[in-house]
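Please read the structure below before turning to the comments.
In listed order, ligands and their atoms are each counted from 1. Every heavy atom of this structure was used, including side-chain atoms; hydrogens, water molecules and symmetry mates were not.
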Amino acid sequence: MAGFLNGRTAVITGSTSGLGLGYARALAAEGCAIMLNGFGEAAEIETLRADLETEYGVTVFYNNADMSVADQVFDMIKDADRRLGKIDILINNAGMQHRAPTESFPIDVWQEMLAVNLTAPFLATQAVLPQMKARDWGRIINTASTNALVASPNVSGYTATKHGILGLTKVVALETIETGVTCNAICPGTVRTNLSEHRIDTFAEQKGVPKEEALADYLKQKQPYHQPMGRFITVEEIAAAAVYLCSDAGAAMRGAAFTVDGGWTAR
Ligand code: NAD
C-alpha cells in the first residue's frame with residue numbers, strides 16, 4: 001500500500017490486541033512493514049498477521065517474546081532486525097496493570113510490572129539506538145498513560161512504571177537531540193481494551209449492576225478513573241498520534257508527553 005511510511009519498518013511490542021494492534025494497523029496503512037509481538041493463541045495470531053498483510057499489502061512478522069524476560073527482548077530485536085532488514089520505528093507498548101493498596105501490593109507483581117512496563121522498553125531502546133543513529137532517522141514511541149503525569153490510588157506499580165517511562169523518554173530524547181531520531185511518550189486516557197475491560201468488570205461487580213449500565217458511572221466518577229469527556233478514547237485516536245509522531249511533521253516533537261486523554265489531566 002502506498003503511504004508515507006513505504007520502505008519503513010516497525011517493531012511494536014504488545015501488538016496482538018488493543019492499542020498495539022491499533023498502532024500496527026495505522027502504520028501498515030501508511031505502507032510500513034511490521035513486527036508484531038504479544039501473547040495469544042498461535043492460530044489466532046497467525047490469522048491476524050496474515051490478514052494484516054492482505055489488507056495493507058505490507059510484510060508482517062510475529063515474534064512471541066515475553067517482555068518480562070530480558071534475553072527475549074534482545075532476541076526479539078535481533079529477529080526483527082534480521083527479518084525486517086532494519087528497525088526504523090520502535091513502539092514500546094506491552095504493558096500490565098494490577099490494582100492493590102500499596103501496603104498489600106505483591107512484590108512479585110511489582111517486579112514483573114517493572115520488567116514489562118519499564119525494563120523491556122529500556123532494553124529495546126538500547127538495542128535499536130545504534131542503528132537509528134547510524135541512519136540518522138528513527139522514531140521511538142513509548143505508550144505511557146495519564147498515570148505517567150498524575151496518580152490514581154491503588155495502582156502504585158503502574159503509576160511508578162509509567163512515570164518512569166516518561167523519564168526514560170525524556171532522557172533518550174535529549175541524548176538524540178542532534179539527530180534525526182525522536183523519542184516521545186503517548187499518554188492515553190481510558191481506552192476500551194482488554195486491560196480496561198477487566199477494570200470495568202470489577203467496577204460493575206462492586207456496584208452490583210450489569211456491565212453496560214455501569215459504563216457511564218465508570219467514565220464519570222471522580223476517583224480514580226476520571227474521564228471528563230464522558231466517553232472512551234478510541235484505539236484509532238491513539239494510533240493517529242503515533243502516525244503523526246512518525247511523520248516529518250512530528251520531527252520536532254522531542255521528549256513529549258503526548259496526552260490523548262479526554263481532558264483527564266487538564267484539571
Ligand atoms: P491489551 O491488554 O489489549 O494489550 C496488551 C498487549 O501487551 C497484548 O498484546 C498482550 O499480549 C501484550 N503483553 C502483555 N504482557 C506482555 C509480555 N510480558 N510480553 C509481551 N507482550 C505482552 O491492553 P492495552 O490497553 O492495549 O495496553 C497497551 C498499553 O497501553 C499498555 O502499556 C497500557 O499500560 C497502555 N495504556 C492503556 C490504557 C487503556 O485505557 N487501555 C490507558 C493508558 C495506557
Side-chain angles (χ1 to χ4, degrees), residues 11-26 34-42 44-45 48-49 62-77 80 91-99 108-109 111-121 123-124 141-152 155 157-166 168-169 185-201 203 215 218-219 224-227 229 231-239 241-242 257-262 264-265:
V11 176
I12 307 170
T13 72
S15 46
T16 50
S17 69
L19 298 184
L21 181 56
Y23 295 137
R25 286 189 193 288
I34 307 284
M35 168 68 85
L36 297 171
N37 157 261
F39 297 148
E41 211 265 301
E44 279 175 23
I45 294 173
L48 182 67
R49 189 203 64 73
Y62 165 69
N63 182 291
N64 68 355
D66 180 342
M67 292 297 106
S68 69
V69 183
D71 284 349
Q72 294 191 27
V73 179
F74 289 129
D75 289 348
M76 176 194 67
I77 295 295
I91 305 189
N92 290 307
N93 169 76
M96 56 177 286
Q97 213 206 39
H98 181 80
R99 300 185 60 77
D108 55 332
V109 177
Q111 296 289 14
E112 190 187 351
M113 206 172 285
L114 268 180
V116 176
N117 293 7
L118 193 52
T119 306
L123 295 173
I141 299 171
N142 297 319
T143 307
S145 166
T146 46
N147 283 140
L149 300 162
V150 295
S152 305
V155 284
Y158 192 74
T159 301
T161 54
K162 293 300 185 182
H163 272 64
I165 202 166
L166 183 55
L168 173 68
T169 302
I186 296 178
C187 299
T190 304
V191 189
R192 203 165 176 187
T193 63
N194 294 341
L195 189 131
S196 44
E197 217 60 47
H198 176 67
R199 295 195 330 234
I200 302 167
D201 285 339
F203 180 76
L215 285 178
Y218 175 83
L219 288 168
Y225 323 100
H226 191 44
Q227 185 87 344
M229 210 164 60
R231 70 158 172 86
F232 290 95
I233 314 295
T234 66
V235 167
E236 290 74 21
E237 286 169 325
I238 304 299
F258 193 157
T259 52
V260 186
D261 69 357
W264 181 330
T265 55

Side chain of Asn142, backbone of Ala185: donor and acceptor closer than 3.5 Å? no
Starting from atom 27 (O) of ligand 1, which protein heavy atom do you reach first, and at what distance in Å? Leu195 CD1, 4.1 Å
Heavy-atom proximity to atom 32 (O) of ligand 1, best of Asn93, Thr143, Ile186: Asn93
Contacting atoms of ligand 1, where contact means under 4.0 angstrom from a heavy atom of Asn37: 20 (C), 21 (N)
Nearest protein heavy atom to atom 2 (O) of ligand 1, by residue and atom, and its distance? Asn194 CB, 3.5 Å
State the atoms of ligand 1, each with its element, that fall below the 4.0 Å cut-off from a heavy-atom position in Val116. 18 (N)
As a test of understanding, state which of Thr159, Leu166, Thr161 forms a side chain to side chain contact (heavy atoms under 4.5 Å, CB included) with His163. Thr159
Counting heavy atoms only, name the option from Ala144, Ser15, Gly95, Gly40 that's nearest to atom 44 (C) of ligand 1. Ala144
Per-atom filter on ligand 1: closer than 4.0 angstrom to a heavy atom of Ala65 are 19 (N), 20 (C)
Return the option from Pro121, Ala94, Ala115 holding the heavy atom at the smallest distance from atom 13 (N) of ligand 1. Ala94
In the protein, what heavy atom is nearest to atom 38 (C) of ligand 1, and what distance, to one decimal place, separates them? Gly189 O, 4.0 Å
Between Lys162 (side chain) and Ala151 (backbone), is there a donor-acceptor pair under 3.5 Å? no
For Gly14, does its backbone N or O pair with a side-chain atom of Asn37 as donor and acceptor, under 3.5 Å? yes
Is any side-chain heavy atom of Ile34 closer than 4.5 Å to one of Tyr23? no
Given that the side chain starts at C-beta and the backbone is N, CA, C, O, which of these parts of Ala120 lies under 4.0 Å from ligand 1, counting heavy atoms, or is it both or neither? neither
Verify, without hydrogens or angle tests, whether Thr13 (side chain) and Asn93 (backbone) share a donor-acceptor contact under 3.5 angstrom. yes
Below 3.5 Å, N or O to N or O, backbone or side chain included: is there any such pair between Thr16 and ligand 1? yes
Identify, for atom 16 (C) of ligand 1, the protein heavy atom at the shortest distance, and state residue, atom and that distance. Phe39 CE1, 3.4 Å
A student comparing Thr13, Thr193, Leu36 should find that the heavy atom closest to atom 25 (O) of ligand 1 comes from Thr193
In this structure, atom 19 (N) of ligand 1 is nearest to the protein heavy atom Met67 N, 2.8 Å
Per-atom contacts of ligand 1 with Gly18, taking only distances under 4.0 Å to non-hydrogen atoms: 3 (O), 26 (O)
Between Thr16 (side chain only) and Phe39 (backbone N and O only), is there a donor and an acceptor less than 3.5 Å apart? yes
Side-chain donor-acceptor pair under 3.5 Å between Tyr218 and Ser196, yes or no? no
Taking side chain as C-beta onward, heavy atoms only, is Val116 less than 4.5 Å from Ser68? yes
So is Cys187 touching ligand 1 or not, going by heavy atoms under 4.0 Å? no
What protein heavy atom sits nearest atom 18 (N) of ligand 1, and how far off is it? Asp66 OD1, 2.9 Å
Cation over ring face, Arg49 and Tyr62, 6.0 Å, 45°: no
Considering only heavy atoms of Thr190, which atoms of ligand 1 have at least one such atom less than 4.0 Å away? 40 (O)
Counting non-hydrogen protein atoms only, what is the nearest one to atom 21 (N) of ligand 1? Give residue, atom name and distance. Gly38 CA, 3.6 Å
Who's the nearest protein heavy-atom neighbour of atom 33 (C) of ligand 1, and how far? Tyr158 OH, 3.5 Å
So, 4.0 Å and heavy atoms of Lys162: is ligand 1 close enough to count as a contact? yes
Check whether any N or O atom of Leu19, backbone or side chain, sits under 3.5 Å from an N or O atom of ligand 1, and answer yes or no. yes
Min over Pro188, Gly14, Ser17 of heavy-atom distance to atom 1 (P) of ligand 1 lands on Ser17
